[in-house]
Protein chains: 2
Amino acid sequence: MATRDDILAAATRHLNVDPRASMAVLATAAGVGRATLHRHFASREDLLHELGTRSLDRWAASLDAADAAGAAASSDPERILACLRDLLARFLADSDDFGFALTDSYLTGADDLLARSDRLVEREVELYAAAQATGVLRADVPPRWLGHAVYGLLVAAREAVRDGDVPRRDLDTLVLSTFLTGAQSR
Amino acid sequence: MATRDDILAAATRHLNVDPRASMAVLATAAGVGRATLHRHFASREDLLHELGTRSLDRWAASLDAADAAGAAASSDPERILACLRDLLARFLADSDDFGFALTDSYLTGADDLLARSDRLVEREVELYAAAQATGVLRADVPPRWLGHAVYGLLVAAREAVRDGDVPRRDLDTLVLSTFLTGAQSR
DNA sequence: CTCATATGAGACATCATTGTCTCAAACGGA
DNA sequence: TCCGTTTGAGACAATGATGTCTCATATGAG
């Protein structure tokens, strides 16, 4: 018997392949009748909204697990750098599951999700700002840009693995070093 | 009288705001009747395909204008670096217009566009490989990853300007320096 | 075993979009 | 001015997706 979570998991998996899959397709992907799918989620929007919420949950959980707030408040460069390291690896793991949410045009357009996303960005940016203040990250760019850069690299990482250009196991190191030190030879 | 190019321009502009706009909406945006729109483009797919083609044209034109092939063949580090600089600025200008094409799920899924896109990636990657061979870019990562990283930063740049976090005029410098030297303090 | 519950299959109406077609009006060059 | 061409508005059928509903069946707890 497929639980609500099973359905969400199957939908997530499938939407990563085809972000525009219909309810019928998603039902099949979950091994469930279309009627049953609608019993769990009144509308497609409901389903997407729930997935969006879960992806934001994961994002928030990663910020918590890495203790971004604690690191930001610590003013300890080494702790902040370690936190950034940890955070990036967690984000990469999150996008293994919710990668499609990075660019989905519904999710990035739903008002309440957007509002919550803004608050998470705020939390993340506090870490970047602290990193800048303690000399860990360069201070000559807006801290929000660093957030965007990380986001962009997550999109890039997803594509790179998808295209088979980078093995998944190399991603953490690759993304971290690209983010921190860039592509130039040293 | 709206020419075909006018319509394409209006559609491009509008799709950057709403990537899922219907033919009716796109017709209105172009100041043209829906029937007229269909006289120019038999189907929505035709329209999208044409836009995809044009965005690839721009991409190719930027590779040409920056003479990526010439720089790659030159084995001259300074020329290669200048070429990268030039290329990034051109890509940013291109995504001012065709930014939506970066993440649109139709465009990134059409077979012939995809094939042509692959060939352009190939050309671009030759430059990255040459940059690695001449010590301009780090050689400890797959050259294709550098292509993905640039792509990701373009997506990030688009969002950053869209969100008002970075003024457009700062983008060239910001993206270039982030790509080359990363976010770490030096 | 029995019964309450959950399920799958399918019928159904609805809706938005698409693509075609017609026609009257506007336009533009000769 | 006149006439051929292009246009916009709207009607139209077709399509695919959505959401609701029914009913027969399967399942699982007691």
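Chain naming here is simple, since letters A, B, ... match the order of the sequence lines and numbering starts at 1 in each. Quick caveat, the model's predicted, so the values are computed rather than measured.
- When the side chains of ILVMFWY residues are joined at heavy-atom separations under 4.5 Å, either directly or via intervening members, B:V25 and B:L48 end up in two distinct hydrophobic clusters.
- Taking a cutoff of 4.0 Å between a charged side-chain nitrogen and a carboxylate oxygen, A:D86 and A:R90 qualify as a salt bridge.
- Interatomic distance, SG of B:C83 versus CD of B:E78, reported as 13.5 Å (0.5 Å rounding).
- The closest side-chain donor-acceptor pair between B:D94 and B:S62 falls under 3.5 angstrom.
- Atom CG of B:D67 and atom OG of B:S74 lie 8.5 Å apart (nearest 0.5 Å).
- Residues of residues 12-20 of chain B that place a heavy atom closer than 4.0 Å to DNA chain C do not occur.
- The pair B:R13-B:D97 fails the salt-bridge criterion, with no side-chain N (NZ, NE, NH1 or NH2) lying under 4.0 Å from an Asp/Glu carboxylate O.
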Mind listing the N/O atom pairs, protein and nucleotides 17-20 of chain C, below 3.5 Å?
from: C:dT18; atom 1: OP1; to: B:R44; atom 2: NE; distance (Å): 3.2
from: C:dT18; atom 1: OP2; to: B:M23; atom 2: N; distance (Å): 2.9
from: C:dG19; atom 1: OP2; to: B:H38; atom 2: NE2; distance (Å): 3.4
from: C:dG19; atom 1: OP2; to: B:R44; atom 2: N; distance (Å): 2.9
from: C:dG19; atom 1: N7; to: B:R34; atom 2: NH1; distance (Å): 3.1
from: C:dG19; atom 1: O6; to: B:R34; atom 2: NH2; distance (Å): 2.7

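- Using a 4.0 Å cutoff to heavy atoms of chain B, the contacted part of DNA chain D runs 5' to 3' from D:dT7 to D:dA11.
- Across its full length, the helix from C:dC1-D:dG30 to C:dA30-D:dT1 shows an angle of 30° between the axes of its 5 terminal pairs at either end, rounded to 10 degrees.
- Residues passing the side chain to side chain contact (heavy atoms under 4.5 Å, CB included) test with B:Q132 are B:L137, B:A139, B:V141, B:P143, B:L146, sequence neighbours excluded.
- For DNA chain C, no neighbouring residue in residues 104-112 of chain B is found when judged by any heavy atom under 4.0 Å.
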